[in-house]
2 protein chains.
Amino acid sequence: MEQRRVERRSGVALWRQIADRIRQDISAGLGDENGRMPTEMALAERFGVNRHTVRTAIQALVQEGVLRAEQGRGTFIQRQRRFAYPIGPRTRLSEGLAGQAHERRSHMLGHAYEQATPEVAKALEIDVGAPVLRLETLSEADARPISRARSYFDAERFRGFERHFIETGSITAAYRAFGVEDYLRRSTAISARHAGSDDLEHLQLSPGAIVLVALGLNIDGDGRPIQYSETRFSADRVELQVSMPD
Amino acid sequence: MEQRRVERRSGVALWRQIADRIRQDISAGLGDENGRMPTEMALAERFGVNRHTVRTAIQALVQEGVLRAEQGRGTFIQRQRRFAYPIGPRTRLSEGLAGQAHERRSHMLGHAYEQATPEVAKALEIDVGAPVLRLETLSEADARPISRARSYFDAERFRGFERHFIETGSITAAYRAFGVEDYLRRSTAISARHAGSDDLEHLQLSPGAIVLVALGLNIDGDGRPIQYSETRFSADRVELQVSMPD
DNA sequence: CAGATTTGTATATTGCTATAGACAACTATA
DNA sequence: TATAGTTGTCTATAGCAATATACAAATCTG
């Protein structure tokens with residue numbers, strides 16, 4: 001196993017690097033069967049730092065709900081593996097996590113009718129300044145926030161979309177109210193960056209965490225663009241699974 | 001434009017957060033036509049920090065080759081947009097960046113014959129402990145390192161693969177020497193994490209930078225797995241473009 | 001219960017991070 | 001050439017990050 005050490009004088013505090021590494025290792029499925037972590041002394045030696053530095057990292061993860069420390073006993077893993085989020089022609093949030101999570105839901109944080117920016121207009125193939133509906137949503141699985149999305153719809157065609165979404169809690173169902181029986185994912189651009197303050201709040205991340213950003217375009221049965229969205233996933237809780245059709 | 005502010009007491013130094021934000025904005029194509037950045041005072045005000053803190057961030061980006069500071073004149077953008085790296089059934093590195101870069105090449109950092117770990121064995125559908133070839137490669141475009149890959153091949157079938165790769169500099173060409181005329185990308189799992197020390201060195205990143213990690217499996221015309229690889233991309237220089245076949 | 005192991009708390013010290021103010025060096029321009 | 005605007009250097013100070021040492025508190029095991 002490659003033993004990546006922590007980087008000093010990098011602008012990223014050692015305790016944060018260690019916290020990120022531990023969180024990552026847990027997501028990858030490491031840790032013994034009881035969910036017990038190595039002792040603070042063992043971790044300190046492994047990372048080549050003082051015990052208190054490890055403690056600071058552990059405290060951050062306890063705060064986050066990833067670990068649980070018990071005096072005299074040890075430190076234990078509170079949460080487990082990453083969800084695999086499939087991306088393909090039929091990307092659907094609701095079906096995506098089936099079998100991996102017991103309970104999943106989406107809810108709307110807000111919506112607004114706005115004028116299309118050049119970026120949005122180009123994606124939706126409408127005029128710059130044309131009215132669009134912006135939908136801000138948050139998705140959860142097993143009571144853990146998974147993704148935070150901002151979607152744009154052509155307001156001419158989908159005016160009132162947000163009400164159907166609120167009622168049903170499903171994009172697919174809301175589309176049906178507008179006569180869209182089927183839709184496909186045409187393209188997805190994936191990048192990554194540090195979580196912003198909005199992500200920190202809604203995805204319950206701690207500063208310095210990484211988010212995967214997926215810019216996607218959905219099209220209807222006739223190939224017309226219907227939804228342009230930016231979805232941010234917690235990189236510690238989700239991996240994107242790109243599978244090709246046969 | 002949302003004005004995400006910097007986070008204090010986060011374990012990530014302000015100068016690093018600012019450097020990351022600026023790098024990110026540049027990658028997204030911001031900046032005026034001359035490539036001139038706002039003044040240090042303007043940036044300090046925008047981020048709500050002292051001018052010296054901005055200077056530290058700029059110095060890091062100058063070191064990285066992203067910015068260029070000229071006394072008395074201003075600070076200028078040295079490098080431009082992100083490469084879009086396509087991921088699809090026919091993912092090929094060599095073709096991927098066509099049209100975006102003038103010059104691109106791959107070279108081998110090293111290779112080794114090893115025993116398959118459970119993870120590798122499962123992917124390649126061989127027995128645990130069976131001999132595999134591990135290939136460490138680095139890809140560049142326009143003299144900038146783009147990706148760092150670790151690939152595994154079934155050594156029974158592809159013994160000597162590394163020599164063909166060295167000769168031709170192309171995976172596709174090396175396959176041909178083993179009678180593999182065509183191959184497909186079956187699946188890709190994408191995640192993100194902070195760059196490790198190996199990434200820092202080969203991808204010429206500064207500590208705290210983010211890498212996109214793509215775990216991919218290639219299959220031959222008969223559907224047999226032939227290559228299992230982990231590729232790490234600099235998140236500042238590359239975005240992964242997932243496009244669906246029609 | 002006694003001892004070993006492990007997490008929790010306290011204090012002190014050193015170095016890095018961020019701020020503040022002043023001024024030098026360089027460039028462009030009126 | 002004088003002035004304004006911009007980056008570069010210097011010094012000083014306060015707070016956070018990391019280390020070091022010691023000991024308390026809780027748990028487990030013989």
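Residue numbers begin at 1 in each chain, while the letters A, B, ... track the order of the sequences.
- Atom CD in A/Gln59 sits about 8 Å away from atom P in C/dT9, given to the nearest Å.
- Residue A/Thr75 is in sugar-phosphate contact alone, with no base atom involved, counting any heavy-atom pair closer than 4.0 Å across all strands shown.
- For B/Thr56, no side-chain nitrogen or oxygen approaches OP1 or OP2 of C/dA18 to under 4.0 Å.
- Legend: residues meeting salt bridge (Lys or Arg N to Asp or Glu O under 4.0 Å) with A/Arg237, ordered by chain and number and at least two apart, are absent.
- Atom CE of B/Met41 and atom P of C/dG21 are 11 Å apart (whole Å).
- Using a 4.5 Å heavy-atom threshold, the side chains of B/Leu217 and B/Gln227 count as separate.
- For the residue pair B/Tyr113/B/Glu162, the side-chain donor-acceptor check at 3.5 Å is satisfied.
- Using a 4.0 Å cut-off between a side-chain N of Lys or Arg and a carboxylate O of Asp or Glu, B/Asp198 and B/Arg148 qualify as a salt bridge.
- Checking D/dT19, C/dT9, D/dT9 against the side-chain heavy atoms of A/Arg55 singles out C/dT9 as nearest.
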**OP:** Any chance you could list the contact pattern along nucleotides 11-17 of chain C? Use B for base contacts, S for sugar-phosphate-only contacts and - for none, protein heavy atoms under 4.0 Å, 5' to 3'.
**Re:** -----SS
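- Considering only side-chain atoms of B/Ala69, the nucleotide from C/dT7, D/dG8, C/dA18 that sits closest is D/dG8.
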Subject >> Base-contact (B) and sugar-phosphate-only (S) positions in nucleotides 23-29 of chain C, heavy-atom cut-off under 4.0 Å, - elsewhere >> reply: --BBSS-
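- Atom CG in A/Leu240 sits 5.5 Å away from atom CZ in A/Phe233 (nearest 0.5 Å).
- One interatomic measurement links the two molecules: CG of B/Asn50 to P of D/dT9, which rounds to 17 Å at whole-angstrom precision.
- Rounding to whole angstrom units, CZ of residue A/Arg68 and P of C/dT6 are separated by 17 Å.
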Subject >> Full working for side chain to side chain contact (heavy atoms under 4.5 Å, CB included) between B/His202 and B/Asp199 >> reply: CA-CA 5 Å; B/His202 291 110; B/Asp199 305 317; over 6 Å; no
